[in-house]
2 protein chains.
Amino acid sequence: MATGRTHRPATRSRGIPEATVARLPLYLRALTALSERSVPTVSSEELAAAAGVNSAKLRKDFSYLGSYGTRGVGYDVEYLVYQISRELGLTQDWPVVIVGIGNLGAALANYGGFASRGFRVAALIDADPAMAGTPVAGIPVQHADELEKIVTDNGVSIGVISTPAGAAQQVCDRLVAAGVTSILNFAPTVLSVPDGVDVRKVDLSIELQILAFHEQRKAGEEAVGGSSVDPAAPPVRAATDSSRKGPDGDVPAVMPA
Amino acid sequence: MATGRTHRPATRSRGIPEATVARLPLYLRALTALSERSVPTVSSEELAAAAGVNSAKLRKDFSYLGSYGTRGVGYDVEYLVYQISRELGLTQDWPVVIVGIGNLGAALANYGGFASRGFRVAALIDADPAMAGTPVAGIPVQHADELEKIVTDNGVSIGVISTPAGAAQQVCDRLVAAGVTSILNFAPTVLSVPDGVDVRKVDLSIELQILAFHEQRKAGEEAVGGSSVDPAAPPVRAATDSSRKGPDGDVPAVMPA
DNA sequence: TCATGTGAATACATTCACAGCA
DNA sequence: TGCTGTGAATGTATTCACATGA
């Protein structure tokens with residue numbers, strides 16, 4: 001059983017802050033769109049708007065990569081596309097395996113955004129023998145027994161887990177043992193991995209819960225504060241409030257000892 | 001066309017930091033698992049391990065909610081489940097609509113994590129007339145023409161967009177016009193929404209790109225530094241480095257003016 | 001003259017370390 | 001005694017505002 005940590009402590013990577021790394025793909029997407037429209041140069045202001053960030057942040061981000069702009073002019077689109085791609089490692093080929101070909105796994109296999117960014121789906125793997133051989137997105141599904149061989153033969157270093165939660169840790173352990181050092185986890189579980197292995201997780205339910213939190217606040221403010229829409233209103237206590245030092249609202253099902 | 005901003009400026013919400021809000025669902029999941037195993041109490045240390053964070057962070061997070069623990073003992077599992085659920089707004093019913101029933105939309109419709117957390121899939125919507133009436137996850141798909149009526153009739157305030165990128169902004173505008181104030185976006189586009197509307201995005205390709213960045217660094221360090229695995233090694237320049245003030249490695253396709 | 005690039009200032013988040021209470 | 005709850009210290013990220021140079 002793996003005992004290692006799950007989340008590496010967000011250390012800087014070659015001097016580039018994590019927060020910046022996480023935004024580079026966003027910039028790249030916006031730049032790619034400009035490139036397709038044959039736009040030659042772009043200002044930090046324009047590009048920031050296209051990427052949905054503010055321009056100061058964008059300039060600071062780019063400053064970590066180097067001085068790739070021209071003062072008084074802006075950035076050369078093609079050049080920046082290249083530089084960011086190189087920084088992200090997208091100028092090389094990344095074979096990935098997707099384990100767990102249910103609805104989500106199939107969606108991932110069909111997702112065009114992978115292929116267009118240097119990612120190549122090397123194999124689809126599922127534990128169900130009945131699926132073996134069935135093509136999904138033009139790629140035949142292989143049985144889980146083949147996992148180690150597939151990883152080794154294809155030099156796979158990135159694995160995607162879209163299995164049910166119960167199977168995820170076991171699949172993860174096998175992927176890691178076979179040589180995978182980066183994992184994208186869609187299963188709603190915390191994965192334990194040894195040091196040196198990166199895990200990123202996408203949890204659909206968690207995103208909805210965060211939205212629900214803010215949605216609830218809006219409803220509360222509305223009931224107490226302004227009549228309909230007044231986003232500039234100061235934080236007010238919601239109708240169902242009570243928060244700190246024990247509730248005075250609804251009675252919980254169980255009280256602490 | 002909407003002109004509003006996309007990302008609200010990460011303001012605190014009733015004094016609870018965003019970073020904390022984003023972890024509450026994680027704690028809730030771990031607590032639910034404990035609850036199902038009928039574990040009565042849990043220490044910050046144990047719960048932190050189960051959620052994949054460190055215990056100081058967890059205690060600080062809980063301190064924003066109130067003093068729900070017992071010194072020398074720990075936290076009452078059922079009580080905490082209730083408090084966090086209430087804080088996140090999961091004690092009420094949230095009808096959601098999913099727009100775009102392709103592979104991903106179907107996966108979302110089938111995802112069990114929704115129903116178990118107060119989220120109810122009120123409707124599935126797709127632009128393809130051929131899909132109308134076809135049940136997905138037991139829910140018949142409705143045509144996009146019905147969108148406004150569905151949102152209004154069901155009091156939907158949360159919408160999920162799993163359409164192709166090209167359709168996303170238009171769908172978003174219609175959802176917002178119909179009264180939706182929180183959107184979970186799976187399409188690889190930046191959505192523009194008016195103030196007061198929350199957008200969270202999940203981009204599969206972006207997550208992979210972030211992994212690729214770190215993966216590339218590992219490969220670089222390995223080649224230059226220690227022979228195989230030495231995560232404690234200081235940051236060294238990768239073989240393909242050059243970074244600041246112009247590249248000296250591979251020649252880019254286009255140079256700036 | 002204009003937009004980049006960047007120190008300095010601010011805001012936010014995490015971690016430490018221990019007082020306080022069951 | 002043991003674990004929570006929290007001020008203080010540290011680390012990270014964002015924003016400001018302007019010097020710099022094409």
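Each chain gets a letter, A, B and so on, in the order its sequence line appears, and its residues count up from 1.
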Q | Distance, rounded to the nearest Å, where A:L80 contributes CG and C:dG5 contributes C1' | A | 14 Å

Q | Nucleotide of D:dT4, C:dG5, D:dT15 approaching B:Y75 most closely (side-chain heavy atoms) | A | D:dT4

Q | CD (A:E45) with more than 12 external heavy atoms under 6.0 Å | A | no

Q | Working for side chain to side chain donor-acceptor pair (under 3.5 Å), residues A:R59 and A:S44 | A | CA-CA 7 Å; A:R59 288 202 302 279; A:S44 64; 3.2 Å; yes

Q. Atom CD of B:Q83 to atom C1' of D:dT4: distance rounded to whole Å?
A. 16 Å

Q) Do you know the tightest heavy-atom contact between A:A22 and B:I210? A) CA-CD1, 3.7 Å

Q: Kindly state each residue pair satisfying salt bridge (charged side-chain N to carboxylate O under 4.0 Å, His left out) with at least one member in residues 21-40 of chain B, sequence neighbours excluded.
A: A:D203-B:R29, B:R23-B:D61

Q.
If the cut-off is 4.0 Å, is B:K57 near the phosphate of C:dA13, judged by side-chain N/O to OP1 or OP2?
A. no

Q. Sequence neighbours excluded, which residues qualify as side chain to side chain donor-acceptor pair (under 3.5 Å) partners of B:T189?
A. none

Q: Rounded off to whole Å, could you give me the CG-to-C1' distance for the B:D61 and C:dT14 pair?
A: 10 Å

Q.
In whole Å, I'd like the distance from the OH atom of A:Y64 to the C1' atom of D:dT12.
A. 9 Å

(Q) Can you list everything that forms a ring-ring contact (aromatic ring centres under 6.0 Å, His included) with A:F186? Sequence neighbours excluded, please. (A) none

Q. To the nearest Å, how far apart are A:E18 CD and D:dG11 P?
A. 18 Å

Q.
With a cut-off of less than 4.0 Å, is there a side-chain N or O of A:K60 near OP1 or OP2 of C:dT6?
A. no

Q: Check the distance between C:dT4's C1' and A:L47's CG and give it to me in whole angstrom.
A: 13 Å

Q: Look at the side chain of B:W94 and the backbone N and O of B:R117, then say whether any donor-acceptor pair between them is shorter than 3.5 Å.
A: no

Q) By a strict heavy-atom criterion of less than 4.0 Å, which residues belonging to residues 38-45 of chain A are in contact with DNA chain C? A) A:S43, A:S44

Q. Closest nucleotide of DNA chain D for A:A56 versus for B:V73: which of these residues is on the 5' side?
A. B:V73

Q) What residue pairs, at least two apart or across chains, pass ring-ring contact (aromatic ring centres under 6.0 Å, His included) with a residue in residues 33-55 of chain A? A) none

Q: Give a yes/no on whether any side-chain N or O of B:N54 is located under 4.0 angstrom from OP1 or OP2 of C:dT14.
A: no

Q: Please find out if less than 6.0 Å separates the ring center of B:Y68 from that of B:Y79.
A: yes

Protein and nucleotides 18-21 of chain D: nitrogen or oxygen contacts under 3.5 angstrom:
unit_1 : atom_1 : unit_2 : atom_2 : d
D:dT20 : O2     : A:R71  : NH1    : 2.4

(Q) Could you tell me how far apart A:E46 (CD) and C:dA3 (P) are, to the nearest whole angstrom? (A) 9 Å

Q) Roughly, in whole Å, what's the span from CZ in B:R23 to P in C:dC12? A) 15 Å

